[in-house]
Amino acid sequence: MQIISTIQQLRDRLKAEPSVAFVPTMGNLHQGHLALVRQAREHGRCVVVSIFVNPLQFGPNEDFAKYPCTFEQDCAKLEGLAEVVFAPTVEALYPEPQQVFVEPPPVASELCGAFRPGHFRGVATVVLKLFNIVRPQVAVFGKKDYQQMQVIRTMVRQLNLPLEIVAGETLRAEDGLALSSRNGYLSAAERAEAVRLYRNLVQISESIVAGGRDVAALERAAVADLENHGWRVDYVSVRNAATLLPAAPGVAGLVVLAAAWLGKTRLIDNVEVCFSADKGL
Ligand code: PAF
């Protein structure tokens, strides 16, 4: 496995590669990331993983400065799974102040975007830069960041980028908590409580599958349960899984998404609702 930090070196290394599969990350890798990397292997002879904490996608009061940097451990985990780790410096990726941005679709201002203004603009911009540098045929994005994945899918479709986006399933701990780099911020008591977010999403999904149609009431009940247990809820929302627009009558492909704070840690999660088209909302 090669570790490369400059754009030119990466381009030289990949020049002769017939098929490249790419997994962009911000490091602090856990089994969820490694599953995406294994999935990438099914789509490309050369698997490239980027490790880059992108300042553009963090707001002024967010955790950019304290985002965990575990580069050596990350590389050890990737040994045998990836051919190349691309780990540019901020100066290499942004040699001059970035003035050209990707304007993400309007839905990027809802859900997490409503609480993190500019976040998806920063994500879409760095991902487009990385796509232009790595030039993969396939890129794998985790469903854990469902809104991010759909924003990137829309960007690829509408800007006619020549690659396929593949979705990776969310990996969960035994109790159901979605694996996330931010779980490391939780105290032992918070960690025990954290699974409540997932349980509420499953509860909403099961209620819809069982015939529940008052989506707003289901969302309110989940918010109340979380708040009663000390959470500060940003949103719990049932959406069209493809467009992320609010769930409307007749739609069968749904996803329940949520973001909420446990102490100083913001957790996000989502659950796709599986029911047949004739039983749509
Ligand atoms: O999901 C992430 O880790 C980041 O948002 C990404 C896609 C690597 C862009 O910085």
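Numbers for residues simply follow the sequence, beginning at 1. Order of appearance sets the numbers: ligands from 1, and atoms from 1 within every ligand. Remember, predicted model here, so these are calculated numbers, not experimental data.
Note on Met149: it clusters hydrophobically with Val255, by side-chain heavy-atom contacts below 4.5 Å among ILVMFWY residues.
Chaining together hydrophobic side chains whose heavy atoms lie under 4.5 Å apart leaves Ile268 on its own. Hydrophobic cluster membership of Trp261, counting Ile, Leu, Val, Met, Phe, Trp and Tyr whose side-chain heavy atoms lie under 4.5 Å apart directly or via other members: none, as it forms a cluster of its own.
Ring planes of Phe131 and Phe141: perpendicular class, angle over 60° (limits at 30 and 60°).
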Return a table of N or O atom pairs, ligand 1 on one side and protein on the other, at distances under 3.5 Å, rounded to 0.1 Å.
unit_1   : atom_1 : unit_2 : atom_2 : d
ligand 1 : 1 (O)  : Gln148 : OE1    : 3.4
ligand 1 : 1 (O)  : Gln148 : NE2    : 2.8
ligand 1 : 5 (O)  : Gln57  : NE2    : 2.9
ligand 1 : 5 (O)  : Gln148 : OE1    : 2.7
ligand 1 : 10 (O) : Gln57  : OE1    : 2.6

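Residue Arg135 qualifies as open at atom CZ: its count of foreign heavy atoms under 6.0 Å is 12 or below.
Residues forming a side-chain hydrogen bond (donor to acceptor under 3.5 Å, both in side chains) with Gln147 (at least two apart in sequence, or on another chain): none.
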